[in-house]
Asks: 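Sharing a structure with you now.
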Amino acid sequence: MTVELSVPAKVNLHLEIGEKRADGYHALRSLCVKVNLFDRLFVELMNEGYELNSPDDLFFSQDVDLLYKAVNFYKKLSGKEFGIKIKLIKNIPMQAGLGGGSSDAGVLLRFLNQHFDEAVPWYVLIRESAAVGADVPLFVHPCTAAWIEGIGEKIVPLAPRPLDILLCFPHMGVNTKEAYDYLDSYGRGRLYGLDENNVKEIWEKHPREWKFFNSFSQKLTKEYPFIEKGKEFLKQFPVDYIELSGSGSTIAVVADKHCLQNLSVCPLGDEFSTCSMVSTLLE
């Protein structure tokens, strides 16, 4: 039997990256929301084997295929043996800072654990799944908004709130490893001391009053000037909040729906391919 899974994108409204740890991971602090931009996974369990297909002719070698990594991770953690066939419909742009690969892996892990009658305690699966990717625990967790610390494994759910967001996609993505290399070479960004004790109060404020930022923003605009040009163009309009999402090249804009509808048809420049209006998930 084939099961269809909806896989949401995420938007980082805040992303603060700390120093690289001895294990090669970076400590982080982030506020993420899940939005109604979805990949689709069609999953069929088998006796053995692994098969990944995509109508978009996407090819992932096994060393970078997070779905393959997630399957093997779950087998090892749960002690279960199985095969799996996956068809991936990709709607979340890659290297855009929207968690596409991690979201696919996290939702697949959640499905597998439900199928195998919670063979792994949920708190263990959420904590340990950061080994697959730093954003993966967020998508194993059922929350729709969260404050995240550690390397992505510490998740504090936040009360969801309705937000309209315009995502502006450049033609060029940003490789995650390259983004972290840029950050390491330039040094750390601003530190405001946000943590789970004070972020809830800020989260409830009007977006114009948010004290959120992205550690990658200043560094990536030096490498990719078109990002700064796009942000400066958008600031001419009555928007509430503009920032990069994650370590990718997507610009996220928070404003009222009417403003975003007008912005969505404005030319941002030849470097940008399209804009998409999304809304936060509330459940």
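Bear in mind that the values here come from a model prediction, so they are computed numbers and not experimental data.
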Asks: For residues G106 and V136, report the shortest heavy-atom separation together with the two atoms involved.
Replies: CA-CG1, 3.8 Å
Asks: So how far is it from H115 NE2 to S78 OG, rounded to the nearest 0.5 Å?
Replies: 10.5 Å
Asks: Does some side-chain heavy atom of V33 sit less than 4.5 Å from a side-chain heavy atom of T144?
Replies: no
Asks: Compare every heavy atom of S217 with every heavy atom of L244, then report the nearest pair and how far apart it is.
Replies: CD1-CA, 3.8 Å
Asks: Answer whether the closest heavy-atom distance between the side chains of L263 and V253 falls below 4.5 Å.
Replies: yes
Asks: Answer whether the closest heavy-atom distance between the side chains of I202 and E209 falls below 4.5 Å.
Replies: no
Asks: Between atom CG of L125 and atom CD of E153, what is the distance when rounded to the nearest 0.5 Å?
Replies: 13.0 Å
Asks: With side chains defined as the heavy atoms from C-beta onward, is the minimum distance between V35 and S279 less than 4.5 Å?
Replies: no
Asks: Which is it for E196 and K154 under the salt bridge (Lys or Arg N to Asp or Glu O under 4.0 Å) test, yes or no, and what are the steps along the way?
Replies: CA-CA 10 Å; E196 63 177 288; K154 183 179 179 181; 2.8 Å; yes
Asks: Could you tell me if the side chain of E44 sits less than 4.5 Å from the side chain of M1, heavy atoms only?
Replies: no
Asks: Kindly indicate whether the side chain of R127, heavy atoms from C-beta on, has any atom under 4.5 Å from the side chain of V124.
Replies: yes
Asks: Please lay out, stage by stage, how E243 and K231 fare under the test salt bridge (Lys or Arg N to Asp or Glu O under 4.0 Å).
Replies: CA-CA 8 Å; E243 192 50 276; K231 289 174 68 176; 3.3 Å; yes
Asks: Considering the options W210, F216, F213, which one meets the ring-ring contact (aromatic ring centres under 6.0 Å, His included) requirement together with H14?
Replies: F213
Asks: Are any of the side-chain heavy atoms of V132 and P137 separated by less than 4.5 Å?
Replies: no
Asks: Looking at T2, I84, L67, which one forms a side-chain contact (heavy atoms from CB on, under 4.5 Å) with V43?
Replies: I84
Asks: Check whether NZ of the Lys or CZ of the Arg R40 lies under 6.0 Å from the centre of the six-membered ring of F42 and within 45 degrees of that ring's axis.
Replies: no
Asks: Might you point out which heavy atoms bring V7 and I92 nearest each other, and give the distance in Å?
Replies: O-CD1, 3.7 Å
Asks: Should the pair K10 and F139 be classed as cation-pi, given the thresholds of under 6.0 Å to the six-membered ring centre and 45° from the axis?
Replies: no
Asks: Could you tell me if R29 sits above the aromatic ring of W147, with its cationic atom closer than 6.0 Å to the ring centre and no more than 45 degrees from the axis?
Replies: no
Asks: Which atom pair, heavy atoms only, marks the closest approach of L15 to I17?
Replies: CD1-CD1, 3.7 Å
Asks: Is a side-chain donor or acceptor of N91 paired with a backbone partner of F38 at a separation under 3.5 angstrom?
Replies: yes
Asks: Hey, is the main chain of L138 close enough, under 3.5 Å, to the side chain of K34 for a donor-acceptor pair?
Replies: yes
Asks: With the side chain counted from C-beta on, respond yes when L166 and S276 share a heavy-atom pair under 4.5 Å apart, and no when they do not.
Replies: no
Asks: How far does CE of M46 sit from CD of E48, to the nearest 0.5 angstrom?
Replies: 8.0 Å
Asks: Less than 4.0 angstrom from a charged side-chain N to a carboxylate O is my criterion; do E232 and K229 meet it?
Replies: no
Asks: For L234 versus C168, what's the shortest heavy-atom pair and its separation?
Replies: CD1-SG, 4.1 Å
